[in-house]
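A short worksheet on the structure shown next.
Here is the naming used below: chain letters follow the sequence lines, and residue numbers restart at 1 for every chain.
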Number of protein chains: 2
Amino acid sequence: MSERMSAHTRTVLNVLSERRCHLTAEEILARADGIGTATVYRALDHLTESGRIRRLSLGKKSAVYEYIRDAHMHFVCSRCGAVYDIQADLSGMIREAAKCSGHQVDWSEITAHGLCGACMLSMETEGTLCGNPAGHGDA
Amino acid sequence: MSERMSAHTRTVLNVLSERRCHLTAEEILARADGIGTATVYRALDHLTESGRIRRLSLGKKSAVYEYIRDAHMHFVCSRCGAVYDIQADLSGMIREAAKCSGHQVDWSEITAHGLCGACMLSMETEGTLCGNPAGHGDA
DNA sequence: TGACAAATGAGAATGAATATCATATAATAA
DNA sequence: TTATTATATGATATTCATTCTCATTTGTCA
């Protein structure tokens with residue numbers, strides 16, 4: 001639990017812990033100035049394995065990483081692609097359900113898909129027509 | 001909602017609907033004999049868009065697809081990689097939580113990670129030592 | 001039967017993630 | 001300090017799932 005951490009790994013961790021959002025490896029790479037690609041991926045692996053960050057597949061092509069804070073679920077807008085955090089903790093119920101099947105839950109993730117508030121609004125306003133298909137929420 | 005479907009798309013749908021499990025595009029490709037790669041991927045896209053099947057990212061490198069039946073969550077064993085279906089429907093609660101944030105949920109997915117029953121057993125038996133690191137559950 | 005749209009497949013292209021490997025850096029021993 | 005060893009790093013090559021291209025085929029309907 002208290003392994004030592006290289007400076008670069010710490011930098012990567014800081015990039016994530018300093019902001020409350022989900023970043024792709026590429027985005028992290030850009031923000032962790034001067035650190036090579038392989039090193040960033042390795043750091044992300046170490047941090048994921050040591051339980052400090054979490055790797056999520058939100059349906060996008062590339063995985064995103066987030067610093068582990070409070071329990072929350074993710075909402076991905078099918079129209080604009082924005083990702084929102086939704087405060088809700090159903091982990092207890094998930095743990096129970098899995099326990100009934102004989103499995104021990106370490107952690108769980110919930111991803112909801114649908115139309116985000118911003119898109120609903122712009123669809124009303126603009127009459128379902130176009131409008132910029134991306135840009136709300138996320139970070 | 002009632003678009004027509006090409007023979008190949010129907011074949012892909014059948015491959016999925018005939019078995020109660022999650023298959024990668026590659027596995028589907030192997031079972032949909034004689035259909036080309038691009039066609040299988042296109043069929044999977046169509047079926048996903050029309051809501052007949054679902055594309056899931058269970059943390060593996062490649063996505064898996066499943067025919068939509070009853071609501072259930074997924075349990076992925078961190079040790080052996082097996083995927084189990086867990087009967088539990090928390091979609092109502094998820095929908096409510098998202099609604100509070102102003103979003104409209106279309107569908108949601110839950111993935112729990114941890115140690116599966118089979119692995120717990122073999123770890124006890126074999127004293128936490130090796131043992132075949134894969135092979136339980138899934139399909 | 002003609003004409004246009006959609007589907008198909010072989011293969012090229014893309015791109016995220018991983019592997020390789022020689023070098024650099026840190027940790028420990030003597 | 002100096003030797004010894006393990007680990008970290010980064011440039012680059014590689015892998016591999018997925019998507020794209022485009023010429024050809026098939027389906028649909030007037």
Taking every heavy atom of B:M73 against every heavy atom of B:A112, the minimum-distance pair comes out as CE-CB, 4.2 Å

DNA chain C: first to last nucleotide in contact with chain B (atom under 4.0 angstrom from a heavy atom), 5' to 3', is C:dA7 to C:dA10

With sequence neighbours left out, the residues meeting side-chain contact (heavy atoms from CB on, under 4.5 Å) with B:R19 are B:V15, B:C21, B:L23, B:R31

One would report the end-axis bend of the helix from C:dT1-D:dA30 to C:dA30-D:dT1, five pairs per end and rounded to 10 degrees, as 30°

With sequence neighbours left out, the residues meeting side-chain contact (heavy atoms from CB on, under 4.5 Å) with B:I35 are B:H8, B:T11, B:A32, B:T39, B:V40

Heavy atoms of A:Y65 and A:L16 approach each other most closely as O-CD2, 3.4 Å

Salt bridge (charged side-chain N to carboxylate O under 4.0 Å, His left out) pairs touching residues 39-50 of chain A, sequence neighbours excluded, are A:D45-A:R55

Across all chains, not counting sequence neighbours, the side-chain contact (heavy atoms from CB on, under 4.5 Å) partners of B:T24 are B:E26, B:E27, B:S62, B:V64

Scoring nucleotides 10-29 of chain D by protein non-hydrogen atoms under 4.0 Å (B base, S sugar-phosphate only, - none) yields BB-----SSBB---------

Residues passing the ring pair (Phe, Tyr, Trp, His ring centres under 6.0 Å) test with B:H74, sequence neighbours excluded, are B:H22, B:H72

(message) If only side-chain N and O atoms count, and only distance matters, is there a donor-acceptor pair under 3.5 Å linking A:S6 with A:T9?
(response) yes

Here the salt bridge (charged side-chain N to carboxylate O under 4.0 Å, His left out) pairs for residues 66-76 of chain B, sequence neighbours left out, are B:R20-B:D70

Could you list the donor-acceptor pairs under 3.5 angstrom formed between side-chain atoms of residues 88-110 of chain A and any protein atom two or more places apart in sequence or on another chain?
| from | atom 1 | to | atom 2 | distance (Å) |
| --- | --- | --- | --- | --- |
| A:D89 | OD1 | A:S91 | N | 3.0 |
| A:D89 | OD1 | A:S91 | OG | 2.5 |
| A:H103 | ND1 | B:G117 | N | 2.9 |
| A:E109 | OE2 | B:H113 | NE2 | 3.0 |

